[in-house]
Amino acid sequence: MNYLRLKKAKKIAAVLKKGKMVRAETLSIVYLPAEETEMAVCVGKKFGKSVERNRIKRLLREAFRAHAAKITSPVSLLLIPKVAKEYSVREFSRDIEKLLTKEKIVESSAP
RNA sequence: CGAGCGGACUACGCGGUCGCGGCGCGAGAAAUCGCGAUGAGGAAAGUCCGGGCAUCGCAGGGCAGGACGCCUGAUAACGUCAGGUGGGGGCGACCCCAAGGAAAGUGCAACAGAAAUAAACCGCCCGUCCCUUUUGGGAACGCGGGGAGAAAUUCCCGCGGCGGGCAAGGAUGGAAAGGCGAGGUAAGAGCUCACCGACGGGACGGUAACGCCCCGUGCCAUGUAAACCCCGUCCGAUGCAAGUUUGGGUCUCUCUCAUACGGGUUGCCCGCCCGAGGGAGUACCGUGAAUAACGCUGGAGCCUGCCGGCGACGGCAGGCGUAGAUAAAUGACCGCGCACGACAGAACCCGGCUUACAGGUCCGCUCGGAUC
RNA sequence: GCGGGUGUAGUUCAGUGGUAGAAUCCCAGCCUUCCAAGCUGGUCGCGUGGGUUCAAUUCCCAUCACCCGCU
C-alpha cells in the first residue's frame, strides 16, 4: 500500500491533538485513522544543523518505506525520533515494526 | 636532509540491489505506471559590503543621517581586486597597515612630575658690602623659634631676601619646547658650526602617490580625528514573505477627511502627487486560500584556444546546455580497495569579504646543514 | 529567506575612555541555649579574538551565543 506525505499544518495539529502516541527506544509514533495513509517526520533544531537533520529524515523515511506496504487500513502517522548520538536505519526499522505490530496497524509479519 | 614562505587544485573511488526530486519520451479517461538521461558547495554558511531584478499616487531640492578615505588602474558596482608609493615586522622567501586634514575650531590627556600645552619651583652665573691669589669665608637686613637678663640688650638655631642674566641639569611620564657632538660664554642658549630630523623654495624623474638632488630658514611649537569635527567621493526607500494573475459581486452599518485639511512620498523642511481611503457585519450567490500558477533560472554563465595588458581584466573564435524544490529531493544495504573519509545541504540571481575544514596532489621560492 | 536587538559577579541590573559598583546569593566571624533576623568582613565578573589609543567594559572590525519581528 502506498502512502502520501502529510503536509498540512492543520492536519498535523489534528493528529497531534486527537491521535494516540506510542513510544519506543529510538522514536515515538503518533497515529490517527484517516481516509488515506499519510506520514510526516518531525525533526526540530534540537537535532543539530541542517545536514544532520536531513540525514535523520532520510533514515526515518527509509525505515518506514519497508513497512508502509503492510499497512492494512488507512492511517495518519507522525514519526518523532529521539535525540541520540548516532542514528541507524536498523534501529528505526526495528522500533517502527514493533510499534506498528503492537498497535495492529500492520498485518503481523509472520514470514 | 631539516626548517619555512607563496600560489594553484582536490574533497573517498568502483560495482550491484532498493528508493527520492523535477525534466523528456511512451501508455492511460484519470489517479498513475514504464523507460531514459540528470540532480548541492568551496565554502551552498555568517548576512558584512556591492549590484541586477521587483514594487512605490513619482524617484525633485535642502538639512539630518550613514559609508568610504595614499596613488593609478580593473569592474555593472563595491568597503573588492591588481600594480605601485609610504610606514612597520622578519636573516630571508615574504607578510601586515581605515595610510586625507591637528597653524579652521572645540574637547580630552588619569597617576606621576618643578612644570602637561604651559615657564621659572629648585638650580647655575654676575653684581650689590668686607676679607682672601683662588677655592672660599664672613658681616649687615627681614621673619620665626629658643636661652640669659629687672630692663636696655645680647647669644644660639632655622628660613628667607636685593638688582639682573640663563634655560643647560632636576628620580616623572606615552609625550617636557628638535637630537647629538664641538666651539663659545660670567653662566648659558641654534648663539655659531658639522651630521641627522623639520619647514619653505627650486631643478630633475614619475600619469600620480612619491622619490632624489640643490638652496635657504636656527626651527611658531605634543598626542588623540576607529573624540566631535573639516575636506573630498558615494547613498531615494523597501526586499522574492519583493511583486504579478485568478482569488468575486451585491447589500447594510460605521470611521477619518475637504485645500489654513487628510493621506502618500525618506527622519525633518520645502516641493510634488491623490480626492478619496479604511473598518465591521456575513444576509444572498461564489469559494482548495498558510492554496494554485507566474517570478524561477540562459546568466555581468561555464570550458578551451588565440590576441592585448606586468597584472586585475578585456577582446575574438569555437564548444557546452549544467538543480529549481515548497514540511522542502542525493539516501539505505551488500561487496572490493585504501589515505578509513573534514567542514558542511541550494531556496530569486550574481560579484566580493569573513568564518569552518580530516587530509592529499602539484608548481615556484627562502634559510641552515651535509656531500659531490 | 529578510530585518532588528542584547551579552558586566551564581542571579537581577548600574556604569561609559583612567580605581568596575548596588542588591541578592555564598563563605567566615559576632550575637543567640539553637535557628532565623541583625551587625562586621570576605570571595566571585566586563562572551571570544584582533585593532586604534599612553591607557579600552567603553571606540572600530571580525566572530560566537541568545532573543525578537516579518507569512
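Chain letters run A, B, ... following the sequence lines, proteins first and then strands; every chain starts at 1. Quick note: numbers below take in every heavy atom, side chains included, and nothing from hydrogens, waters or symmetry partners. What you are looking at is a predicted structure, and each value in this text was computed from that prediction instead of being measured.
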* Paired and unpaired positions of RNA chain C as dot-bracket, Watson-Crick or G-U wobble under 3.5 Å, | denoting a partner strand -> (((((((..((((....[..)))).(((((.......)))))....(((((..]....)))))))))))).

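- Between the side chain of R58(A) and the base of G345(B), at least one donor-acceptor pair of N or O atoms lies under 3.5 Å.
- Residue contacts shown for K57(A) are absent, as no nucleic acid heavy atom lies under 4.0 Å away.
- Between U207(B) and G84(B), the distance separating the two P atoms is 15 Å to the nearest Å.
- Judged by Watson-Crick or G-U wobble contacts below 3.5 Å, the nucleotide U106(B) has A227(B) as its partner.
- Under a 4.0 Å N-O distance rule, the pair K82(A)/E25(A) does not qualify as a salt bridge.
- The shortest non-hydrogen separation linking L99(A) to R23(A) is CD2-O, 3.4 Å.
- For A176(B) and A221(B), the C1' atoms lie 12 Å apart once the distance is rounded to whole Å.
- Contact annotation for V51(A): base contact, defined as any heavy-atom pair under 4.0 Å involving a base atom.
- The pairing partner recorded for G174(B) is none, the criterion being a Watson-Crick or G-U wobble arrangement whose two distances lie under 3.5 angstrom.
- Side-chain proximity of L59(A) to G345(B), C18(B), A332(B): nearest is A332(B).
- Rounded to whole Å, the C1' atom of A323(B) lies 24 Å from the corresponding atom of G51(B).
- Following chains of ILVMFWY side-chain contacts shorter than 4.5 Å, one can reach V83(A) starting from V43(A), so the two form part of one hydrophobic cluster.
- Sorted pairs that involve residues 74-103 of chain A and meet ring-ring contact (aromatic ring centres under 6.0 Å, His included), not counting sequence neighbours, are lacking altogether.
- Using Watson-Crick or G-U wobble geometry with both donor-acceptor distances under 3.5 Å, G28(B) finds no partner in any strand shown.
- Against the 90° criterion about 0, the sugar-base torsion of C220(B) places it in the syn range.
- Under the Watson-Crick and G-U wobble criteria, each requiring two contacts below 3.5 Å, nucleotide U47(B) is left unpaired.
- Taking atom C1' in both G232(B) and C261(B), the straight-line distance is 45 Å, to the nearest Å.
- Shown here, G21(B) forms a base pair with U38(B); the pair counts as Watson-Crick or G-U wobble because both key distances fall under 3.5 Å.
- Look at the C1' atom in both G262(B) and C78(B): the space between them is 43 Å, to the nearest Å.
- By the rule that a glycosidic angle within 90° of 0 means syn, A292(B) does not qualify and counts as anti.
- Glycosidic torsion of G42(B) falls within 90° of 0, placing the base in syn.
- The R61(A) side chain lies nearest to A329(B) when the options are A329(B), A344(B), G19(B).
- Taking every side-chain heavy atom of N54(A) into account, G345(B) is the closest of G19(B), G345(B), C334(B).
- In A225(B) the O4'-C1'-N dihedral to the base is more than 90° from 0, which defines an anti nucleotide.
- Closest to the side chain of R55(A), out of A344(B), C18(B), A332(B), is A332(B).
- Nucleotide C365(B) is matched to G4(B) when pairs are restricted to Watson-Crick or G-U wobble geometry with both distances under 3.5 angstrom.
- Looking only at distances, a side-chain donor or acceptor of T101(A) sits under 3.5 Å from a matching main-chain atom of E97(A).
- By the salt bridge (Lys or Arg N to Asp or Glu O under 4.0 Å) test, R55(A) is found to be paired with no residue, residues two or more places apart in sequence or in another chain being considered.
- Partners of D95(A) under the side chain to side chain donor-acceptor pair (under 3.5 Å) rule, at least two apart in sequence or in another chain, are T26(A).
- Comparing the C1' positions of A102(B) and C230(B) gives a spacing of 11 Å, expressed to the nearest Å.
- The stretch residues 56-68 of chain A participates, sequence neighbours left out, in these salt bridge (charged side-chain N to carboxylate O under 4.0 Å, His left out) pairs: E62(A)-R65(A).
- For F64(A), the ring pair (Phe, Tyr, Trp, His ring centres under 6.0 Å) partners at least two apart in sequence or on another chain are Y3(A).
- Here, C220(B) and G178(B) have their C1' atoms 13 Å apart, quoted to the whole Å.
- Comparing the C1' positions of C195(B) and G202(B) gives a spacing of 23 Å, expressed to the nearest Å.
- Pair assignment for A258(B): none, as no Watson-Crick or G-U wobble contacts are both less than 3.5 Å.
- Pair assignment for G86(B): C97(B), on the basis of Watson-Crick or G-U wobble contacts that are both within less than 3.5 Å.
- With sequence neighbours excluded, no residue satisfies salt bridge (Lys or Arg N to Asp or Glu O under 4.0 Å) with E52(A).
- Picking from A328(B), A346(B), G331(B) the nucleotide with the shortest atom distance to the side chain of S50(A) gives A346(B).
- Considering only residues two or more places apart in sequence or on other chains, E86(A) meets the salt bridge (Lys or Arg N to Asp or Glu O under 4.0 Å) condition with none of them.
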Close N/O contacts between protein and nucleotides 355-357 of chain B (under 3.5 Å):
none

